[in-house]
Amino acid sequence: MNARERYGIPHDSVITIAGTVGVGKSTMTNAIADALKFRTSFEKVETNPYLDKFYQDFERWSFHLQIYFLAERFKEQKKIFEYGGGFIQDRSIYEDTGIFARMHYEKGTMSGTDYETYRNLFDAMVMTPYFPHPDLLIYLEGSFDDVLGRIKERGRPMEQETPVEYWEEMFNRYDNWIDNFNSCPVLRLNIADYDVLNDENSIEPVLEKIGHFIQQSRKWRSSRLLT
Ligand SMILES: Nc1ncnc2c1ncn2[C@@H]1O[C@H](COP(=O)(O)OP(=O)(O)O)[C@@H](O)[C@H]1O
Ligand SMILES: Nc1ncnc2c1ncn2[C@H]1C[C@H](O)[C@@H](COP(=O)(O)O)O1
């Protein structure tokens, strides 16, 4: 019996991994996808034509970058929809609007007009059939010091040159955002409780929790359809 069957995880599940920059989303995406033999949907950082420029000048590039990310996520959503699920997604679309666009607007590095245009486009896209909510959002959390350590260890130059206050502001916003998030079921994992890089067995309890959460949420969804 394979891991997906062992933990009762439906073959068409869509699982999205959320959390602040550097917390370990991509690493977790790969570990779960490998274990379940699911497809992955990643943010492509190296080929993003705006990201470097954005870190040099938030005000000038924040709108362009958000539109770019939205277009990329839309293409990925369409792909997931067309395959009929079976995907692990590195970062949710909810974070683009709920964390990044909002933060830049509230900090004054995105204008009110640009923010409204972005929100209107986002809302129109989310209303299309390509945007079913995921079965589960896995939220990765840890201490700010650990997250900062990981950003430094990964060493993307544009992130090293960004003031620590930017990461701290984002970290604090994530805390508040996840406490109020209710678009789909949430499984919270603390990065101190597993190590998928150095201990291959540490993915097993994660898979067990995923199976449990998805079965509960599918039962809950189907009971709502019947009433
Ligand atoms: N369980 C872990 N233990 C130690 N380091 C980790 C772990 N998971 C990820 N990392 C490291 O932390 C850094 C950021 O991880 P990454 O998965 O790229 O984060 P994100 O996708 O959230 O930005 C990378 O250098 C990665 O190797
Ligand atoms: N929507 C976004 N706005 C601004 N910056 C973003 C957005 N989504 C991702 N990013 C940045 C943050 C990181 O520098 C890279 C990749 O994110 P990661 O959390 O490391 O996967 O893109």
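None of these values were measured; they are calculated from a predicted model. As a basis for the values below, the full set of heavy atoms in this structure was taken, side chains included, without hydrogen atoms, waters or symmetry mates. In each ligand, atom 1 is the first atom listed, and ligand 1 is the first ligand listed. One is the number of the first residue; the rest follow in order along the sequence.
If you look at Phe63 and Tyr118, their ring centroids are not closer than 6.0 Å. The aromatic ring centroids of Trp167 and Phe171 lie 6.0 Å or more from each other.
Not a single heavy atom of Gly19 lies less than 4.0 angstrom from ligand 1.
Note on ring orientation: taking the six-membered ring where Trp is involved, the planes of Tyr139 and Trp177 are tilted (angle from 30° to 60°).
Proximity annotation for atom 3 (N) of ligand 1: of Lys25, Glu153, Arg150, Arg150 comes nearest, heavy atoms only.
Applying the ring-ring contact (aromatic ring centres under 6.0 Å, His included) rule to Phe58 yields the partners Phe54, His104, Tyr166; only residues at least two apart in sequence or on another chain are considered. Taking the salt bridge (charged side-chain N to carboxylate O under 4.0 Å, His left out) definition, one finds that Asp96 meets it with Arg73, sequence neighbours left out.
Checked for salt-bridge contact, Arg173 and Glu106 meet the test: a charged N lies under 4.0 Å from a carboxylate O. Contact check on Asp179 versus Arg188 returns a salt bridge, with a Lys/Arg side-chain nitrogen under 4.0 Å from an Asp/Glu carboxylate oxygen. Salt bridge annotation for Arg156-Glu46: absent, with no cationic side-chain nitrogen under 4.0 angstrom from a carboxylate oxygen.
Residue, atom and distance of the protein heavy atom nearest to atom 14 (C) of ligand 1 are Gly22 O, 3.4 Å. Remark: minimum distance from atom 18 (O) of ligand 1 to any protein heavy atom is reached at Arg154 NH1, 2.9 Å. Leu197 CD1, 3.6 Å is the protein heavy atom nearest to atom 5 (N) of ligand 1.
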Could you pull out every N or O of ligand 2 that sits under 3.5 Å from a protein N or O, with the distance for each pair?
residue, atom, partner, partner atom, Å
ligand 2, 1 (N), Gln66, OE1, 3.0
ligand 2, 1 (N), Asp96, OD1, 2.8
ligand 2, 3 (N), Gln66, NE2, 2.6
ligand 2, 14 (O), Tyr55, OH, 2.6
ligand 2, 14 (O), Glu159, OE2, 2.5
ligand 2, 17 (O), Glu43, OE1, 3.2
ligand 2, 17 (O), Arg91, NH1, 3.1
ligand 2, 19 (O), Lys25, NZ, 2.7
ligand 2, 19 (O), Arg91, NH1, 2.9
ligand 2, 19 (O), Arg91, NH2, 3.1
ligand 2, 20 (O), Arg154, NH1, 3.2
ligand 2, 20 (O), Arg154, NH2, 3.3
ligand 2, 20 (O), Arg156, NH1, 2.9
ligand 2, 21 (O), Glu43, OE1, 2.7

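Other residues, nucleotides and ligands contribute more than 12 heavy atoms inside 6.0 Å of the OH atom of Tyr194.
Other members of the cluster containing Tyr83 are Val14, Ile80, Phe87, with ILVMFWY side chains joined at under 4.5 Å, either directly or via other members.
For the pair Gly24 and ligand 1, the shortest N or O to N or O distance falls below 3.5 Å. Distances between N or O atoms of Asn198 and those of ligand 1 include no value under 3.5 Å.
Close approach of ligand 1 to Asp195 (heavy-atom distance below 4.0 Å) involves ligand atoms 1 (N), 2 (C), 3 (N). Near Thr27, meaning under 4.0 Å from one of its heavy atoms, ligand 1 places the atoms 8 (N), 9 (C), 15 (O), 16 (P), 17 (O), 26 (C).
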